[in-house]
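FYI, side chains are in, hydrogens and waters are out, and symmetry mates aren't considered; it's all heavy atoms of this structure.
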Amino acid sequence: MCVFLEALCVCSSLSWTTNAPFHRTVAAEQLLESEDIKRMDWLARSPDLNPIEHAWDFLGRRLAARTLPPVTTRELRLALQDEWAAMPRQLINTLILSMGRRCETCLEVRGDHIPY
């Protein structure tokens, strides 16, 4: 599994459950530090720059396409884990490699919405 997206997922899920700011979750910081991943400064509330949003979109589409959608929380958790494991590596690579272009575009439009 891609450590970068895993860290983003940890950040996102912890900030939703604890109301902690995305950039300050301890588990995510520890994961990034353990993998020697340098964090860049991040604009507050910048979903256009956040590749995990596209991963969540992929997962949502995969869940919606299932013949029998999950009904319970346990089924949802297991289905998400299955779909996460099945996420194409090429999608992950594309999301990571698009970060430079996303940042450049965001700077060009002075922080306004970007078409990603």
Side-chain angles (χ1 to χ4, degrees):
M1 179 180 297
C2 173
V3 174
F4 178 72
L5 284 180
E6 182 180 352
L8 287 174
C9 188
V10 168
C11 289
S12 296
S13 64
L14 286 177
S15 65
W16 290 336
T17 58
T18 65
N19 292 324
F22 168 81
H23 60 284
R24 292 188 184 161
T25 56
V26 175
E29 289 293 329
Q30 289 172 344
L31 178 60
L32 292 171
E33 189 175 306
S34 73
E35 296 294 326
D36 197 31
I37 296 173
K38 305 292 186 253
R39 234 183 4 99
M40 62 186 244
D41 290 335
W42 204 266
L43 298 173
R45 303 183 192 281
S46 54
D48 291 337
L49 292 178
N50 194 344
I52 197 66
E53 296 300 327
H54 296 278
W56 282 123
D57 180 63
F58 171 84
L59 293 172
R61 290 173 189 268
R62 292 289 296 252
L63 289 177
R66 287 180 167 227
T67 308
L68 297 172
V71 177
T72 67
T73 304
R74 182 178 185 279
E75 288 175 359
L76 177 60
R77 184 177 64 245
L78 293 173
L80 283 169
Q81 288 173 342
D82 289 345
E83 296 299 347
W84 182 269
M87 189 181 300
R89 182 67 191 186
Q90 183 57 41
L91 173 64
I92 294 169
N93 290 342
T94 299
L95 291 174
I96 292 168
L97 293 174
S98 71
M99 287 305 299
R101 288 190 315 275
R102 289 171 191 269
C103 292
E104 288 173 7
T105 304
C106 188
L107 289 171
E108 287 171 9
V109 298
R110 298 176 185 232
D112 202 1
H113 175 72
I114 60 176
Y116 280 95

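- Every salt bridge (Lys or Arg N to Asp or Glu O under 4.0 Å) that Arg61 has, sequence neighbours left out, goes to Asp57.
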Output side-chain donor-acceptor pairs under 3.5 Å for residues 66-75, partner residues at least two apart or in another chain, one line each.
from: Arg66; atom 1: NE; to: Glu83; atom 2: OE2; distance (Å): 3.1
from: Arg66; atom 1: NH2; to: Glu83; atom 2: OE2; distance (Å): 3.1
from: Thr72; atom 1: OG1; to: Glu75; atom 2: N; distance (Å): 3.0
from: Glu75; atom 1: OE1; to: Val71; atom 2: N; distance (Å): 2.7
from: Glu75; atom 1: OE1; to: Thr72; atom 2: N; distance (Å): 3.4

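- The side-chain heavy atoms of Asp82 and Arg62, taken from C-beta on, include no pair separated by under 4.5 Å.
- With rounding to the nearest 0.5 Å, the separation of CZ in Phe58 from CH2 in Trp84 is 10.0 Å.
- Remark: Asn93 engages Arg89 in a side chain to side chain donor-acceptor pair (under 3.5 Å) (not counting sequence neighbours).
- Hydrophobic clustering (ILVMFWY, side-chain heavy atoms < 4.5 Å, transitive): Met87 and Leu76 are in one cluster.
- Atoms CG and CG, from Leu80 and Leu63 in turn, are 5.0 Å apart once rounded to the nearest 0.5 Å.
- For Arg77, the salt bridge (Lys or Arg N to Asp or Glu O under 4.0 Å) test picks out no residue, with sequence neighbours left out.
- Hydrophobic clustering of Ile, Leu, Val, Met, Phe, Trp and Tyr side chains at less than 4.5 Å, counting indirect connections, unites Ile96 with Leu59.
- Between Ile52 and Leu95, every side-chain heavy-atom pair lies at or beyond the 4.5 Å cut-off.
- Among residues two or more places apart in sequence or in another chain, the side chain to side chain donor-acceptor pair (under 3.5 Å) test is passed with Gln90 by Thr94.
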